Amino acid sequence: MSVVDEKHRRAQTLLAEGIGLHPFFVAVDFRGAPTIFYTHTQIDACPDLERPDQAHAGLDVAISRHSAIVGDIDSVIADASDVVDERFDALVSTAPTSASGLRALLSYILRDDDAPTTIDLSEDIDKLEALLNSIEGALDQIAPVGARETI
């Protein structure tokens, strides 16, 4: 399971448990109107609550449960992204020196399997430009401009 799939699974768990993607607590004010609170500062700023201590405690429980489910998934995704960026930099820093190498590079670029190493070129024009420069460098080595071509 990829880290993105795991993040999605955890988000679904939050929704299924009624916690929501951001922890919150609903308290009723003096008029009987429900109010949603996402932070303790919001609770403190609401003078109409009958039991602000209960709202604080409820929000603490929601935050704790949210943290238990979400965990460190965002840092895991950031770490995986760093690894992908490092691999990408290594990939484009050395142009292929053969037609087979060029074919392998193109296959890697065009692969669409949502693997952690898959490059989403639609979101990063700089990466696309770097890859195209690497391909151009490979073609210059394999078949220099002006060299006689055989078809």
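Just so it is clear, the structure is predicted and the values come from calculations on it, not from any experiment.
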Requested in this report: Any chance you could measure His56, atom NE2, to Asp44, atom CG, to the nearest 0.5 Å?
Outcome: 4.0 Å
Which pairs of donor and acceptor atoms, one on a side chain in residues 14-23, lie under 3.5 Å apart (sequence neighbours left out)?
unit_1 : atom_1 : unit_2 : atom_2 : d
Glu17  : OE1    : Arg65  : NE     : 2.9
Glu17  : OE1    : Arg65  : NH2    : 3.2
Glu17  : OE2    : Arg65  : NH2    : 2.7

Query raised in the report: Considering all heavy atoms of both residues, which atom of Val26 and which atom of Pro34 are nearest to each other, and what is their separation?
Result: CG1-CB, 3.8 Å
Query raised in the report: To the nearest 0.5 Å, how far apart are CG in Asp72 and CD1 in Ile77?
Result: 10.0 Å
Requested in this report: Assess whether atom CD of Gln12 is packed by more than 12 heavy atoms of other residues, nucleotides or ligands within 6.0 Å.
Outcome: yes
Query raised in the report: Nearest heavy-atom pair of Asp29 and Glu50: which atoms, and what distance?
Result: O-OE2, 4.0 Å
Query raised in the report: Between Val70 and Arg10, which heavy-atom pair has the shortest distance, and what is it?
Result: O-NH1, 2.5 Å
Report summary line: Closest non-hydrogen contact found for Glu6 with Ile73 is CG-CD1, 3.7 Å
Requested in this report: Any chance you could measure Asp140, atom CG, to Ile135, atom CD1, to the nearest 0.5 Å?
Outcome: 12.0 Å
**Report entry** Spacing of OG belonging to Ser64 relative to CD1 belonging to Ile69, to within rounding of 0.5 Å
**Finding:** 10.0 Å
Query raised in the report: If every non-hydrogen atom of Ala138 is compared with every non-hydrogen atom of Leu102, which pair is closest and at what distance?
Result: CB-CD1, 4.0 Å
Report task. Could you please spell out the steps behind the side-chain contact (heavy atoms from CB on, under 4.5 Å) verdict for Asp60 and His40? Result -> CA-CA 9 Å; Asp60 284 339; His40 291 286; 2.7 Å; yes
Report task. May I ask whether Ile63 and Phe25 are part of the same hydrophobic cluster, defined by side-chain heavy atoms of I, L, V, M, F, W, Y residues being less than 4.5 angstrom apart, directly or through others? Result -> yes
Report summary line: The side chain to side chain contact (heavy atoms under 4.5 Å, CB included) partner of Glu136 among Asn133, Leu139, Leu132 is Asn133
**Report entry** Shortest non-hydrogen contact from Phe37 toward Leu59
**Finding:** O-CD1, 3.8 Å
Query raised in the report: Would a 4.5 Å heavy-atom cut-off, applied to side chains only, mark Gln42 and Ile36 as touching?
Result: no
